[in-house]
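Step one of this worksheet: look at the structure below.
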Number of protein chains: 2
Amino acid sequence: MASLDFSGKEQLYYQLYDILFQDILSGAYAVGELIPSESELMRRYGISRATARKAMEMLAANGLINKRRGHGSEVVSNHPSSALQHVKSYLKKNVVDKSTSEKRLIDATIMPAGKEIAAALDTDPGTELYRLRRVRYSGEQPFYLEMNYYERSFVPHAIEHDFSRESLRAYFSSELDVHWRRAVQQIYSIAADRETAPLLQLAFGAPLLYIRRISFDAENRPRECVMTYYRADLYHLEIELDS
Amino acid sequence: MASLDFSGKEQLYYQLYDILFQDILSGAYAVGELIPSESELMRRYGISRATARKAMEMLAANGLINKRRGHGSEVVSNHPSSALQHVKSYLKKNVVDKSTSEKRLIDATIMPAGKEIAAALDTDPGTELYRLRRVRYSGEQPFYLEMNYYERSFVPHAIEHDFSRESLRAYFSSELDVHWRRAVQQIYSIAADRETAPLLQLAFGAPLLYIRRISFDAENRPRECVMTYYRADLYHLEIELDS
DNA sequence: AGTTATTTGTCCGTATGTATA
DNA sequence: ATATACATACGGACAAATAAC
């Protein structure tokens, strides 16, 4: 078995990454199998945990393995992805703003699904939903209103979290291990209604950029519906298209 | 200044990542500036170096900062691209419409470039432009207003064509041999102004979906600027994001 | 040109928590 | 319950690149 060169010419984690990389491409570790654990690699190559981890994190970042806590690291691909993605879509502020911003919780409730959300989440009207309403502020200036909808059964312990302080992203990736596969966004221009206008400190009828996003998990099931109302004087959407 | 929650509910590195992420998006750290060093973050938040590093590595992985040994970590972007990269975008009608539609020419003029269009087409204010204004109708019902701008020198014989009947696309590909390489679209929600509203048979202040598209030719020079004002009650934009 | 302080890069050891089998 | 495996977080040490003096 190959051993590492400790002379310092090449980083240890990179040497190990390269060994594992080649072993996966050559089929020494087949797709579906587990590669050696971190502690096994420590013993085998005489390195520290951090070094073994870094090599494995690089493999995961390149999409070759899937790390699972308590289980191991499974080979999921034997051809590294090299595709360059040029197409981007992002929200842009119309004005520069130097102050820091924060999300404030309006409410977090359990409620029955209406017709629209039921259709979006591919469930039945009346199904219990978890709804989060938050407003992003910069100081006392409201920026946008965001409403997140999930099936209650999908986010069992969500009600116990304080998502005004905690990140939803972290909750999904760490606690629920959800990975989004695709999403559909619908972008509308609307006028602020009597309920939304005061929340954003706008006059009734002021223009809003309304974006509805439905996100699908790895099994292609709709899991999240987010409706965001952006103050049109502060935000626009930008899309870059490459041919 | 915000401090971290050490209760263990949310990972420290993620809390720090989120703080820095928001500070970059809000412009508290502007593009070109350096974010605080690892040791500064350790002091400021009372965390270890590994934790500060992990947060910064996430920012770098998302393309927001550029780390340079011996120098610091420079903000290079304030608009993170969505984790989902492949984008397909469609303009969709909100209502089904069975009747036939047609584009009617409002006017075709030569005019000097204003500041905005000059910047979009990377030319100087006052440059002679060819402007086409058309409205798509279905019967007597107007759907959207479209304004096309080109440098006059780029479309020498355009003024002799009747683009209410002839296709612009055909003119560019057959007569001018232009091939579009990429385009940037900006999507805004606006209220109809006093000039646009009557053209679309709307009340002043009615919401419009305003899309500005700048198209670049094979040499990556901006050649076309199209501004389209869609009646918000009739159109929305749909975007699919794939991983 | 050389020294020094700063900043990030690499690597080690250790401890504890959490998910899985 | 127990053992295994990965996740998070702490501490320390030295190296290499950069910039300022």
Side-chain angles (χ1 to χ4, degrees), chain A residues 3-18 20 29 32-61 64-76 156-157 160-161 166-167 169-179, chain B residues 3-20 29 32-61 64-76:
Chain A
S3 69
L4 303 185
D5 171 18
F6 284 86
S7 69
K9 276 185 287 193
E10 198 176 8
Q11 296 96 315
L12 294 177
Y13 68 82
Y14 189 81
Q15 292 180 55
L16 178 55
Y17 166 79
D18 205 47
L20 296 171
Y29 301 122
E33 286 180 10
L34 299 181
I35 64 171
S37 71
E38 295 172 356
S39 41
E40 171 63 22
L41 292 173
M42 290 168 69
R43 261 208 321 281
R44 200 182 284 187
Y45 294 100
I47 54 175
S48 76
R49 177 100 191 276
T51 304
R53 269 185 76 73
K54 172 124 189 176
M56 290 169 75
E57 273 161 11
M58 290 172 71
L59 291 171
L64 291 171
I65 64 171
N66 188 6
K67 306 195 334 172
R68 279 173 57 201
R69 183 195 306 218
H71 178 70
S73 295
E74 186 183 330
V75 178
V76 291
H157 303 105
E160 298 152 20
H161 287 73
E166 201 175 334
S167 156
R169 262 185 302 238
Y171 172 66
F172 278 114
S173 74
S174 68
E175 191 150 341
L176 291 181
D177 197 35
V178 174
H179 294 98
Chain B
S3 68
L4 303 185
D5 171 17
F6 285 84
S7 70
K9 274 187 288 192
E10 195 179 8
Q11 299 93 316
L12 294 176
Y13 69 82
Y14 194 87
Q15 292 180 54
L16 178 55
Y17 166 79
D18 206 46
I19 289 173
L20 296 171
Y29 301 122
E33 285 179 9
L34 298 181
I35 63 172
S37 69
E38 294 171 358
S39 41
E40 171 64 20
L41 292 174
M42 290 169 67
R43 260 206 320 279
R44 201 181 283 188
Y45 293 100
I47 54 177
S48 74
R49 176 133 180 252
T51 304
R53 269 185 76 73
K54 172 123 188 175
M56 290 170 75
E57 274 160 12
M58 290 172 70
L59 291 172
L64 290 172
I65 63 170
N66 188 5
K67 299 171 39 151
R68 278 173 58 204
R69 183 198 303 214
H71 178 68
S73 296
E74 187 182 331
V75 177
V76 292

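Note: hydrogens, waters and symmetry copies are ignored here, and every other heavy atom, side chains too, is used. Quick caveat, the model's predicted, so the values are computed rather than measured. The chains referred to below are lettered A, B, ... by the order of the sequence lines, with proteins before strands, and numbering in each begins at 1.
Of the candidates dT8(D), dC6(D), dC12(C), the closest approach to any side-chain atom of Lys54(B) belongs to dT8(D). Ranking dA5(D), dT8(D), dT8(C) by closeness to the Ser37(A) side chain, first place goes to dA5(D). With distances taken from any side-chain atom of Leu12(B) to the nucleotides dA9(D), dT8(C), dC11(C), the minimum falls on dA9(D).
We find that CG of Asn66(A) is positioned 12 Å from C1' of dC6(D), with the value rounded to whole Å. Following rounding to the nearest Å, Ile65(A) (CD1) and dA5(D) (P) show an atom-to-atom distance of 14 Å. Atom CE of Met56(B) and atom C1' of dT7(C) are 9 Å apart (whole Å). Note: CD (Glu74(B)) to C1' (dT7(C)) measures 14 Å, nearest angstrom. Remark: P of dA7(D) and CE of Met58(B) are 13 Å apart, rounded to the nearest angstrom. In this structure, CD of Glu57(A) is placed 14 Å from C1' of dA5(D), rounded to the nearest angstrom.
Here the side chains of Tyr13(B) and Asp18(B) are not in contact, with every heavy-atom distance at 4.5 Å or above.
Between His71(B) and dA19(D), a side-chain N or O to OP1/OP2 separation shorter than 4.0 Å is present. Residue Arg69(A) has no polar side-chain atom (N or O) positioned under 4.0 Å from OP1 or OP2 of dT4(D). Taking side-chain N and O atoms only, Ser73(A) has a distance below 4.0 Å to OP1 or OP2 of dC6(D). Between Arg53(B) and dG9(C), a side-chain N or O to OP1/OP2 separation shorter than 4.0 Å is present. In terms of phosphate contacts, Thr51(A) brings a side-chain nitrogen or oxygen within less than 4.0 Å of OP1 or OP2 of dC12(C). The phosphate of dT4(D) has neither OP1 nor OP2 within less than 4.0 Å of any side-chain N or O from Ser39(A). Side-chain nitrogen and oxygen atoms of Lys67(B) include at least one within less than 4.0 Å of the OP1 or OP2 phosphate oxygen of dG9(C). In this structure, Tyr13(A) reaches the dT10(C) phosphate: one of its side-chain N or O atoms is under 4.0 Å from OP1 or OP2. Taking side-chain N and O atoms only, Arg49(A) has no distance below 4.0 Å to OP1 or OP2 of dC11(C).
The backbone N or O of Ile65(B) sits nowhere less than 3.5 Å from a side-chain atom of Glu74(B) that would complete a donor-acceptor pair. A distance-only check finds a donor-acceptor pair linking the side chain of Gln15(A) to the backbone of Glu10(A) [under 3.5 Å].
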